[in-house]
Structures are given as C-alpha cells and as structure tokens.
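Excluded from the calculations below are hydrogen atoms, water molecules and symmetry mates; all remaining heavy atoms, backbone and side chain alike, are included.
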Amino acid sequence: MITLDRLVNVLASSGARLVCCPRSRDVLLRSLIVHDPTDTRVATGDVFLAVGLDTPDVAVRLAARARAAVALVRAPAPLEPTVQASAEEAGVAVVLAEPEVSWSHLTGLAYGLVLEGRETEAGRGPTDLFALADTLAATVGGPVVIEDQLSRVLAYSSLDDAVDAVRSKTILGRRLPETIRGVFAERGVFRHLASSDLPLFVAPSPQHGLDGRMVVAVRAGRELLGSLWVESDGPFDERRCRILEDGARTAALHLLRSRASADLERQVESDLVTRLLEGTGDGQAMISQLGLTNAALRVVALQAHVDEEQHAGVLLVFEHVTTGFGWSRWGRSALFANTVYTVLPMRDETPDGARSWVESVRAAMPSHISLHAGIGGPADAMALPASRREADEGLALHVAHPGSPPIAYDESWDRILLRRLRAIAADGRVPERGPVVELRRHDEQHGTRYIDTLRAWLAAHGDIGVTAAQLDVHPNTVRYRLRKMNTATHLAIDRPEQRIAMFIALAATDDEHA
C-alpha cells in the first residue's frame, strides 16, 4: 500500500502540488476511481481522479460523496477560500495539477502507484491481486476468492480463520470444483453474473460442504472478466455491498492492466504469425523473429466452445497457448475471429507431435469445454498459407466428427477432398442429369437398389464376385442389375473416364458414406 505522502511526492515531479491537506499524509491509499459523468452509481475509493472537471469545487463535492481521501484536479492554484473550507470540512486532500499536464500522464502515474504499489507483509508482489483480496477480507470480515470468467482462481486472501470445504478444494485445485459449479449453474448464479453488477447472496449447501457466500461480477464495460467471492453467513448490508462493488471495480482495473501488459507481447507474436499464414512479408525473416526453425512446420487450427459463454473458450485456449516466455513454448500463435492458429515446429514428418500438443491443450482446459482441432500438412515458411487452409478443412471435419482424434491433412486428405466435393454439390454445382442422378431417381420411384450396386461395383473395380459378396447377393443378380441399369440410363461402364466420373458423382452426393 502507498501513503498520501508517497503519492504527493511522485506527482510533484509532474507539476502537481498538494494545496489542501486536512488529514495525515500517512493515510493509506488502497483504491482509485475516475469521474464518469455517464455513470449514475455512487462509486467509492481513496483517490478521486477528477477527469473532465475543471472546477475544483465540483471535484471536492464529488470526492466527498465518494468518501475519497484525496482528489486530483487539473486546475491552476491557489484554491478559492470557499473550496478550501469545503475540502477541509469533508476531510478531502486536494492535489492540483497544472492544466498543461495531460490526464493520460496523470492517470498513468496514479494507477501505477495505487493499483500496482501494494505490497503485503507476506512479501507478495506489487501487481498481485492477492493484496486486494487481503484488503477486502479485512474490510468486509470474510475470506475472499477472486476468479476468472471460467471459475479459475486468480487470487485469495491469506488472513483466513475457518474456511469451508469448497473454498479449500477451490484453492488447492486452482478452480471451482465441477460439482459446485453445477450447483451454482442450477441456482442461476452464472446467469446473474453475466447480466448484473449487483452483489448476490448464495445460500449455503451443507451436503456439498458449502457455506454462504456473497458474489459480485468483475466486469469491464459489458465484458465479464471474472467474479469476486466472500464467505458470509448472510446477505451483506448496504455498506458492505458498496465495499464489495468497489472491490470488484478495482479487481477489474488490475485484470485489465495485467491483460494489457501481456497483450503487448501477444500482439507482436500474433501479427507475425498472421502475416506468415497470409503469405505476406519475408517468411524466412519472420520465422527467425519468432524463434522457429524453417524445417517441418505445421499449422494447427483450434476452436473451443463453452455453453452459454460466447468466445470464452477460444480466449482461454489463446491465453493458454501464448502463456510463458517464447523459448518455453513449443509453438507461436494468432487469434483469428473464433479460431486459434498455432505454428508448430515438428521433430519428424508425422503428425503425432502435433496431436500430442493438442491433447496437452485439451488437458489444460476445464472439463466443460469442448475442443476441436485440424492439423495442416508439413510446410516450410512459404507453404504455411497452404498448411493453414488444410488445418481449416481438418478442423471442419473434426467438428463434424467430434469423437475422432484431431484430423491431420496428410492422413485424411481423401476425406477432406470428399468434403470439398460435397460442398460443391450442396451449392448446386453438380450435373442435374447423368447416370448417377437418373439411377438415384429410379431407386426413389421404383424401390430398386441400383445406386448401391453401382457403388459396390465401382469400389470392386468391376469384379462381379467381390461386388456380389459386398451386397450379399448372387453374382448373377449383379449381372442382371447391371443390364437393367444400362437400360434405365447409358452407363458406358467400359470407358474408364466414365467410371471415374460416376465414382466422383457418388462421393459428392452420398452423405451416408461421409
């Protein structure tokens, strides 16, 4: 935690000065709020940034309403006597900054000091959420846990006495147990967090080892970043609810600043990977910048889905595959819309390594997330756009057949080719007449099995015996059907190109053999 004295001394180097101090300069500053004329709610915090307010009297009045210890105002000194008197009566210290100093500079300093200047007695780092959890636990009188939007633990208070079994399991497992997540889902807790900023009391469930809890959403605008939980015997009163809401806003600021810092590194990597997959720029140079070798690369396309949580799954996958220093990660990744693309260096030409990597990603995801993957063929820097297209097609095939292993193009190119043909057929770009169309129509009208016979005969390369065995009929039945089929339409089975065309037409229009 930092003191008012520390804040004033740092801001003094940027042309700000303390002009009114009705309280000790040793007062601790734990939270920060920014004036927002569009938000009608009364937010509270220790430091009030009067952004957009050029009149100190209004700033002091709003800071007093927010119960702030200090107001930072961009206005020329000195204070008017009436404003000085109001500030002293409200117990609000006033720091005036020169009008020439930008708010972006002032807010950057204030945020850095107040939100990232904490340090607990346990020696936790200044950018930790743990310090916020400790402060909230001491203020509201209950153990605190801060979680992300998928119920993974981000921080928890250390100043706890007795805690329930669910809290212990959550902290030890680093995420909310699935059984308790199911209980909360049935009670509508997650629906409430998705739509409301108001604190909610969650009643105890002794059979699950669950004591009562207060929970509030941690949100940035409309985006749900996570949730803040406090063990409690009953619903909070208005004062503690307000403290909980303020804590959630502070937690959101922490998460956003942490995300911004990590996103700078992710953005550089993502831009390079994007250009590689689009085939723009110097591929060899970008491969070198990413710390990859140019031999035996593969593109892996990943999609993840979570019920009722749009985009949460794919964002979680992207965060996982881009976490850690470059040299400690196998691949390099980019996020396009709802798909994560990762360029993986391969140890050999087989897709086994890529499949193992996909399985490691799956194992790191919560069990309620479904993961689909497609693996492009081996490629050098110049061929990565083709490997990306192959990965896309493998991904589409895996989505259609989720029970199968991740689809690798070089192992399943035939299935992918047939999928392309079916896509063409679905667009109506196949002949409306011809042997296959006419035989299919004949089957529908007369109950014959000409299409089955033609498919089996083509697959057997014209061998009557094999065809009969496949259809479980006598060879003479096959010969009879072929004669009748040739009467219904001109097959020209003696011409190789006709046989190839019929095989393709069957593959393109026959869904049951997908």
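- Both the sub-6.0 Å distance and the 45° axial angle are not jointly satisfied by Arg298 relative to the ring of Tyr409.
- Of the inter-residue distances, the one linking Glu444 atom CD with Arg440 atom CZ reads 7.5 Å to the nearest 0.5 angstrom.
- For the pair His320 (side chain) and Arg362 (backbone), a donor-acceptor distance under 3.5 Å is absent.
- Heavy-atom neighbours of Phe201 CZ from other residues, nucleotides or ligands within 6.0 Å: above the threshold of 12.
- Considering only heavy atoms from C-beta on, Val358 comes within 4.5 Å of Leu371 through its side chain.
- Side-chain contact of Asn476 with Arg479: a donor-acceptor pair under 3.5 Å is present, judged by distance alone.
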**Item:** Test side-chain contact (heavy atoms from CB on, under 4.5 Å) applied to Val343 and Leu290, step by step
**Value:** CA-CA 10 Å; Val343 178; Leu290 288 167; over 6 Å; no
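- A 4.5 Å side-chain heavy-atom check between Thr274 and Tyr341 finds every atom pair outside the cut-off.
- Taking the side chain as every heavy atom from C-beta outward, Val436 and Ile451 approach each other to under 4.5 Å.
- Using a distance-only test at 3.5 Å, with no hydrogens or angles considered, a donor-acceptor pair links the side chain of Glu390 to the main chain of Gly377.
- Using a 4.0 Å cut-off between charged nitrogen and carboxylate oxygen, Asp271 and Arg275 do not count as a salt-bridge pair.
- Arg167 and Asp164 are not joined by a salt bridge, as no carboxylate oxygen comes within less than 4.0 angstrom of a charged side-chain nitrogen.
- Between Phe184 and Leu210, some side-chain heavy-atom pair lies under the 4.5 Å cut-off.
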**Item:** Test log, rule side-chain contact (heavy atoms from CB on, under 4.5 Å), inputs Leu272 and Arg332
**Value:** CA-CA 9 Å; Leu272 289 170; Arg332 303 293 182 267; over 6 Å; no
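- Within the 4.5 Å cutoff, the side chain of Ile180 has no heavy atoms near those of the Thr170 side chain.
- Distance alone, capped at 3.5 Å, places no donor-acceptor pair between the Glu147 side chain and the Arg175 backbone.
- Formation of a donor-acceptor pair under 3.5 Å by the Arg219 side chain with backbone atoms of Ser196 is found in this model.
- Contact annotation: the side chain of Leu228 approaches that of Leu136 to within less than 4.5 Å [non-hydrogen atoms, C-beta and beyond].
- For Asp233, the CG atom counts as loosely surrounded, since its 6.0 Å shell holds 12 or fewer non-hydrogen atoms of other residues, nucleotides or ligands.
- Side-chain contact between Cys241 and Met214 is present, with heavy atoms from C-beta onward closer than 4.5 Å.
- No side-chain N or O of Asp134 forms a donor-acceptor pair with one of Ser157 less than 3.5 Å apart.
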**Request:** Take Glu359 and Arg355, measure what side-chain contact (heavy atoms from CB on, under 4.5 Å) needs, and give me the verdict at the end.
**Result:** CA-CA 6 Å; Glu359 289 307 313; Arg355 277 208 185 91; 5.6 Å; no
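- Judged by distance alone, with hydrogens and angles left aside, the side-chain atoms of Ser360 form a donor-acceptor pair with the main-chain N or O of Trp357 at under 3.5 Å.
- Atom CD of Glu411 sits in a crowded spot, with more than 12 heavy atoms from other residues, nucleotides or ligands closer than 6.0 Å.
- Within the cation-pi definition used here (under 6.0 Å to the ring centroid, within 45° of the axis), Arg347 qualifies as a partner of Trp330.
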